[in-house]
Structures are given as structure tokens and as C-alpha cells.
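Everything on this sheet refers to the single structure shown next.
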Amino acid sequence: MARTLINLPRNPKRGEVIEIRTLIQHGMETGYRPGPNGVTQQRDIIRSFTCLFNNEEVFRAELHQAIAANPFLEFSMLVTESGILAFTWSGDNGFEQTETRALTVA
Amino acid sequence: MSSRFSSPCVISRRSLTGGLLAVALVWPVRAAEREGLQQVILGFTGGARPRPGRVTLDIPSLVENGNTVPVTIAVESPMSEADHVRGIALFNEKNPQPHVVTARFGPRSGRARLATRIRLATSQTLVAVAEMSDGTYWSDSAEVIVTLAACVEF
């Protein structure tokens with residue numbers, strides 16, 4: 001399991017637009033770099049990220065090689081009710097990881 | 001990187017013709033790269049030419065380390081059910097691949113804003129394109145000078 005950082009405001013108000021910051025530990029190997037043996041390393045990147053709130057899509061992103069290692073994404077969400085946020089990263093070599101956070105409206 | 005013409009003191013006729021040939025060979029490739037960026041943008045917009053405006057591409061104009069460059073893209077929009085930003089895409093001119101990130105939004109997003117960290121192989125132009133719910137496309141571009149390039153060895 002890769003380490004992740006997810007930053008949410010603790011008790012947002014209803015109708016507030018909050019900023020969500022996510023980061024996952026991943027090398028994002030581009031497939032253009034030679035390895036220690038001089039042979040070009042295979043591409044190994046995270047290709048997509050989704051954020052669902054109560055199973056409804058809030059934000060989705062397709063990532064490419066030009067995204068820096070340990071992909072960081074910051075986006076917004078309109079708070080309507082309390083619920084569960086699910087963050088999913090998926091990519092090359094069958095990489096898939098999902099993290100969930102509870103969001104409680106003040 | 002710039003050692004192609006490292007000893008210009010003695011220029012033989014052969015090296016001169018070789019150099020001219022190299023320039024002639026490199027030139028159309030560069031033109032093709034620019035064409036490629038336009039093609040990729042038109043691929044995202046489905047053939048529509050994006051209009052400049054409404055999009056703000058925020059990136060440092062002088063970057064010391066091309067391995068992690070903070071970038072923020074924001075689009076002016078009420079983000080209502082009737083009028084919102086459907087997507088934002090960021091493209092580059094001179095990395096090995098033209099795509100950087102393509103993000104999808106909806107009225108639930110509240111605000112059409114995306115921040116991330118990207119890699120830049122060299123000094124170049126970046127273009128951000130936004131797709132609105134009414135089917136229009138808007139764009140903004142930024143020139144970036146990179147001191148230390150990402151993935152120096154291609």
C-alpha cells in the first residue's frame with residue numbers, strides 16, 4: 001500500500017465550497033529514463049484518479065508522464081450533506097488503491 | 001546538451017556542411033512539434049478552436065527544477081447545473097508526450113480549479129484548455145523557462 005495524504009477541512013458548513021488536497025507516494029516512472037543497467041525503464045505511472053462523494057463523482061483526472069512523482073492534486077467540492085468521500089488512484093501494472101474519509105457537516 | 005558546436009575555432013568545410021545539414025534536419029522536426037500541440041488541442045476540443053480568456057493558468061515563469069513545477073488552473077464559472085465547466089486539460093509543447101493532465105468537473109465541484117505538480121523537460125509553452133457545459137472552449141497559455149530539466153536523459 002502506498003502512503004497517501006488527504007487533507008480535508010474538519011467541519012465544513014452546508015453550501016460551503018471546500019478544497020481537497022490529495023497526495024500519493026508513487027515514483028511515476030516515465031518510461032523514458034534509463035535504469036542503473038542502462039536499459040530504459042518501463043513506464044509505471046498512475047493513470048487516473050477519481051473522487052466520489054456518496055458514490056457520486058465529484059472530480060476525475062487522467063494523469064500522464066508529465067505529472068511529477070508523488071502525484072499531488074488539489075480540487076474543490078460543494079458541501080451539501082455529510083457523507084463518505086472515496087479517493088481511488090489506478091495505474092500501470094495493476095496499481096489500484098482506494099482511501100475513504102468521512103465528511104461531517106457542522 | 002549544447003556541445004554540438006563545442007569547438008567553433010576551427011571550422012572545416014565538412015563540419016560546416018554537416019552542421020548546415022543538421023540544422024536543416026532539426027528545423028522541420030521543431031515545426032512538426034508545434035503542429036502536434038495544435039493537433040492534440042484540437043483532438044481534445046473535437047476540432048473547435050479554443051478562444052483565449054476565462055481560464056487562468058498560474059505557473060512560475062522561471063522554474064529552477066523541472067521535476068516538480070507547481071501549476072494552478074482556474075476557470076471563471078458559476079458552476080451551476082446549467083452553466084459549469086466540464087473539463088480542464090493541460091498540454092505542453094516540448095515534453096516527450098503532449099498531455100499533462102485532463103480533469104473532469106461537474107456542478108458538485110463547486111469551483112473549477114485544479115492544482116498539481118508537473119514535470120517540464122525544457123523551457124516551453126504550456127496551454128490550458130477548458131470545456132464549458134455550453135460546448136465552448138477557452139484557453140490560456142504561459143511561457144516557462146526551465147533551468148534544470150526533468151528527465152534529462154531521454
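Computed from a prediction, not measured in an experiment: that's the story for all the values here.
Look at B:Arg104 and A:Glu62 and you find no salt bridge, because none of the NZ, NE, NH1 or NH2 atoms lies under 4.0 Å from a carboxylate O.
Neither the backbone nor the side chain of A:Thr50 comes within less than 4.5 Å of any heavy atom in chain B. Contacts between A:Leu23 and chain B at a heavy-atom distance below 4.5 Å involve the side chain alone, from C-beta outward. Contacts between B:Pro107 and chain A at a heavy-atom distance below 4.5 Å involve the backbone alone (N, CA, C, O). Using a 4.5 Å cut-off between heavy atoms, A:Glu16 does not touch chain B at all.
A:Ile20 and A:Val17 are members of different hydrophobic clusters when ILVMFWY side chains are connected at heavy-atom separations under 4.5 Å. Criterion: ILVMFWY side-chain heavy atoms under 4.5 Å apart, direct or through other members. Under it, A:Ile24 and A:Leu52 are not part of a common hydrophobic cluster. The hydrophobic cluster containing A:Phe49 also contains B:Val71, counting ILVMFWY residues as joined when their side-chain heavy atoms lie under 4.5 angstrom apart, directly or transitively. Residues B:Leu42 and B:Val40 do not share a hydrophobic cluster, defined by chaining ILVMFWY side chains whose heavy atoms lie under 4.5 Å apart. Put simply, A:Phe53 and A:Val105 are part of the same group of oily side chains (I, L, V, M, F, W, Y) that touch within less than 4.5 Å, one to the next.
Once rounded to the nearest 0.5 Å, the distance linking CZ of B:Phe105 with CE of A:Met77 reads 14.0 Å. Here A:Leu78 contributes atom CG and B:Ser80 contributes atom OG; the two are 11.0 Å apart, rounded to the nearest 0.5 Å.
For the set B:Ala103, B:Ala112, B:Ser109, B:Pro70, the entry with the most heavy-atom pairs within less than 4.5 Å of chain A is B:Ser109. When B:Arg108, B:His99, B:Arg113, B:Met79 are compared by the number of non-hydrogen pairs under 4.5 Å with chain A, B:Arg108 comes out ahead.
Listed for the B:Thr116 side chain is a donor-acceptor partner under 3.5 Å among the backbone atoms of A:Phe72.
Other residues, nucleotides and ligands contribute at most 12 non-hydrogen atoms within 6.0 Å of the CD atom of B:Glu64. Within 6.0 Å of atom CG in B:Asp134, more than 12 heavy atoms from other residues, nucleotides or ligands are found, so the atom counts as buried in its surroundings. Summarising the local packing, CD of A:Glu81 is surrounded by more than 12 heavy atoms from other residues, nucleotides or ligands at distances under 6.0 Å.
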(request) Go through the steps for B:Arg117 and A:Asn70 under the test side-chain contact (heavy atoms from CB on, under 4.5 Å), then give the verdict. (result) CA-CA 9 Å; B:Arg117 291 171 196 154; A:Asn70 305 327; over 6 Å; no
(message) Assess the residue pair B:Asn95 and A:His64 against the criterion (side-chain contact (heavy atoms from CB on, under 4.5 Å)); give the C-alpha distance rounded to whole Å, side-chain angles, the decisive distance to 0.1 Å, and a yes or no.
(response) CA-CA 11 Å; B:Asn95 280 14; A:His64 298 267; over 6 Å; no
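In plain terms, the two heavy atoms of A:Ile67 and B:Val100 that are nearest each other are CG1-O, 3.5 Å.
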